[in-house]
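One structure is given here, and the rest of the page talks about it.
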There are 2 protein chains.
Amino acid sequence: MSNQTQAPGAPLRSTPPDADDEMIRSGRDASATQRALVRAARRRFATEGYRAATVRQIAADVGVNVALINRYFVSKEGLFEACMLRTSDELDTQNPTRASSLDEVIERLVAHVVNAPDGDDPLQLLLLLRSSGDENADRIRRRTLEHFTQRLAAAAGWKADDPATASILLRAQLSIATALGVVMLRTSAAVQPVASAGSDELTEPLTRVFGVLLDDGAR
Amino acid sequence: MSNQTQAPGAPLRSTPPDADDEMIRSGRDASATQRALVRAARRRFATEGYRAATVRQIAADVGVNVALINRYFVSKEGLFEACMLRTSDELDTQNPTRASSLDEVIERLVAHVVNAPDGDDPLQLLLLLRSSGDENADRIRRRTLEHFTQRLAAAAGWKADDPATASILLRAQLSIATALGVVMLRTSAAVQPVASAGSDELTEPLTRVFGVLLDDGAR
DNA sequence: TCGCTATGTAAGCAATCGCTGACTTGAAGA
DNA sequence: TCTTCAAGTCAGCGATTGCTTACATAGCGA
């Protein structure tokens, strides 16, 4: 009888363990291996949490030896930090700028939530919730969330000298919290009926919620 | 140099490690010890996650030997299951019945979110998000969330033969997801400004969000 | 073809995990 | 006072964790 009941489980989703972003990993390509490791690690961290995800499993997902993780990222925390940085970058480039209209911002936020549990977007959002316990990686995580908050607030009509700035910042962050909560219930918790709800069912109420927080809230 | 960077840390919050619900643990009281263990475990599980929380630390919080956990709860999973059951019970008895008005229900939900990070209410909500990987405990968790959803939907004007039942159920669950997301950001992630926001700042936007989801949504 | 360097592997160490069995202690009943 | 049993402790086990060291090999320039 084993004393460790949580099974590491098979590779996540349908992606073969040795597939990189574009082609089959042929080995002997350091940067491709690093990208594949970050990709696999982000899935494991986002779905299972920092502590439960093991470096051996992540390396196995990629089809590579465990020691490479320490060679390329120094430590497990270093790998988590790399995941956070990549997520931060991608969220920054993917999402609307200050020039966008509020409707487009809301539409984009809804899309992030709805496109779950497949795709990488929700996983990125989910990763923002996971704490590694490492001070450095967690500071990046916190800063990414706060930066995301400011961009959302700016897109919602934020002005630096507006006396209602604090209120708008708070409402933007409540929107993000809502998105994170829904993604969490849809992917990790797998709670019905929200886990199996389709885009047509989720879009309308989520749009209204974000509208109340970001549009009406600006007054 | 250690290879385990995550420090277990000191006992959480200001509660002395050997304090039970009412009096100082005098030992030789099995049921009191069990309650104290569940109490400490729920804090650790909710704040650090299932995997990161260790039975040794939980036992140390109570001031008791680790072996008692296995004696009373068979395994770590058994302890987690006990936490889930107690949380499920308390949520059931604490929250409004079907006879309550919608305003009261919303007010209660807002109170759950606002009273963070102190108090046990948010911790109970947070625990609902944590997966142990154990099938039994996770089934209890899922069922508790779905039961909570139905109660909230019923309080929002749910009728069994209403053609909009599915929509109301979904909106109730989105409300819960929102509450969980905000609690998560306030306690675990400690993201500003929502982490340090006061009751007066949170009550109004949250009430409006829940109102949109539960009141307007019923049509 | 030789040799050097980057890329990856194999094996194992120290620490920590959950858990177990044998032991000690306290208190109530006869 | 003596017996008895529940309540709690102690020491250590097997497994797993992150990580390190020593070694193997592919690819490229000379």
Side-chain angles (χ1 to χ4, degrees), chain A residues 1-9 17-18 20 24-37 40-41 44-45 48-83 132-134 137, chain B residues 1-9 17-18 20 24-37 40-41 44-45 48-83 132-134 137:
Chain A
M1 185 185 319
S2 77
N3 57 358
Q4 197 76 9
T5 7
Q6 182 153 11
D18 53 352
D20 193 7
I24 299 295
R25 271 188 8 94
S26 55
R28 297 280 156 185
D29 185 343
S31 66
T33 303
Q34 292 173 23
R35 270 183 286 119
L37 280 172
R44 292 287 178 183
F45 285 143
E48 306 175 9
Y50 177 79
R51 199 66 168 253
T54 71
V55 290
R56 280 182 167 85
Q57 183 65 65
I58 292 171
D61 288 345
V62 181
V64 102
N65 193 276
V66 204
L68 279 188
I69 289 183
N70 296 105
R71 174 188 286 280
Y72 290 143
F73 305 98
V74 179
S75 65
K76 185 187 183 183
E77 294 164 6
L79 178 59
F80 184 80
E81 192 174 317
C83 293
S132 70
D134 173 52
Chain B
M1 186 184 319
S2 78
N3 59 359
Q4 197 75 11
T5 8
Q6 184 154 12
D18 53 353
D20 194 7
I24 299 297
R25 269 186 12 89
S26 55
R28 297 278 156 185
D29 185 342
S31 68
T33 303
Q34 291 173 23
R35 271 183 285 119
L37 281 173
R44 291 287 177 183
F45 285 142
E48 306 176 9
Y50 177 79
R51 199 65 168 252
T54 72
V55 290
R56 280 183 166 86
Q57 183 64 66
I58 292 170
D61 288 345
V62 181
V64 102
N65 193 275
V66 203
L68 278 189
I69 289 182
N70 296 105
R71 175 189 286 279
Y72 290 144
F73 303 99
V74 180
S75 64
K76 185 187 184 182
E77 294 164 6
L79 178 59
F80 184 80
E81 193 174 316
C83 292
S132 71
D134 174 51

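Lettering follows sequence order; numbering is per chain, from 1. These numbers come from the heavy atoms of this one structure, side chains and all, not from hydrogens, waters or symmetry mates.
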Q: Considering just the side-chain nitrogens and oxygens of B:Thr54, establish if one lies under 4.0 Å of OP1 or OP2 belonging to C:dT16.
A: no
Q: Classify the nucleic acid contact of B:Ala59 as base, sugar-phosphate or nothing, counting any heavy atom under 4.0 Å across all strands shown.
A: nothing
Q) Quick one: A:Arg44 CZ to D:dT17 P, roughly how many Å, whole number? A) 12 Å
Q. Could you give the CG-to-P distance, from B:Leu37 to C:dC19, as a whole number of Å?
A. 14 Å
**Q.** Contact under 4.0 Å: B:Thr33 side-chain N or O vs D:dG8 OP1/OP2
**A.** yes
Q: Send over the distance from B:Arg56 CZ to D:dG12 P, rounded to a whole Å.
A: 13 Å
Q) Could you give the distance from CZ (B:Arg56) to CG (B:Asn65), rounded to the nearest 0.5 Å? A) 9.5 Å
Q: Mind calculating the distance between CD1 (B:Ile69) and P (D:dT9) to the nearest angstrom?
A: 11 Å
Q: Mind checking the CZ-CG spacing from A:Arg35 to A:Asp29? Nearest 0.5 Å is all I need.
A: 7.0 Å
Q.
Students often mix this up, so state it plainly: with edges at 30° and 60°, are the rings of A:Tyr50 and A:Phe80 parallel, tilted or perpendicular?
A. perpendicular
Q.
Could you tell me how far apart B:Leu79 (CG) and C:dG18 (C1') are, to the nearest whole angstrom?
A. 12 Å
**Q.** Atom pair distance, as rounded to whole Å: CZ in B:Arg71 and C1' in D:dA7
**A.** 7 Å
Q) Closer than 4.0 Å, any side-chain N/O of B:Asn70 to the OP1 or OP2 of C:dC19? A) yes
Q: For A:Asn65 and C:dA6, give me the distance from atom CG to atom C1', rounded to whole Å.
A: 16 Å
(Q) Nearest whole Å is fine: how far is D:dC19 C1' from A:Tyr72 OH? (A) 17 Å
Q: Assess whether one donor atom and one acceptor atom, taken from the side chain of B:Arg28 and the base of D:dG8, lie less than 3.5 Å apart.
A: no
Q: Look at all strands and tell whether A:Ala30 reaches a base, only sugar-phosphate, or nothing, counting heavy atoms closer than 4.0 Å.
A: sugar-phosphate
Q: Drop me the distance from A:Lys76's NZ to A:Arg51's CZ, to the nearest 0.5 angstrom.
A: 7.0 Å
Q: With side-chain contact (heavy atoms from CB on, under 4.5 Å) as the test, would you mind laying out the steps for A:Phe73 and A:Glu81 before giving the verdict?
A: CA-CA 9 Å; A:Phe73 305 98; A:Glu81 192 174 317; over 6 Å; no
Q.
Using a 4.0 Å heavy-atom cut-off, does B:Phe73 contact any base of the nucleic acid, only the sugar-phosphate backbone, or nothing at all?
A. nothing
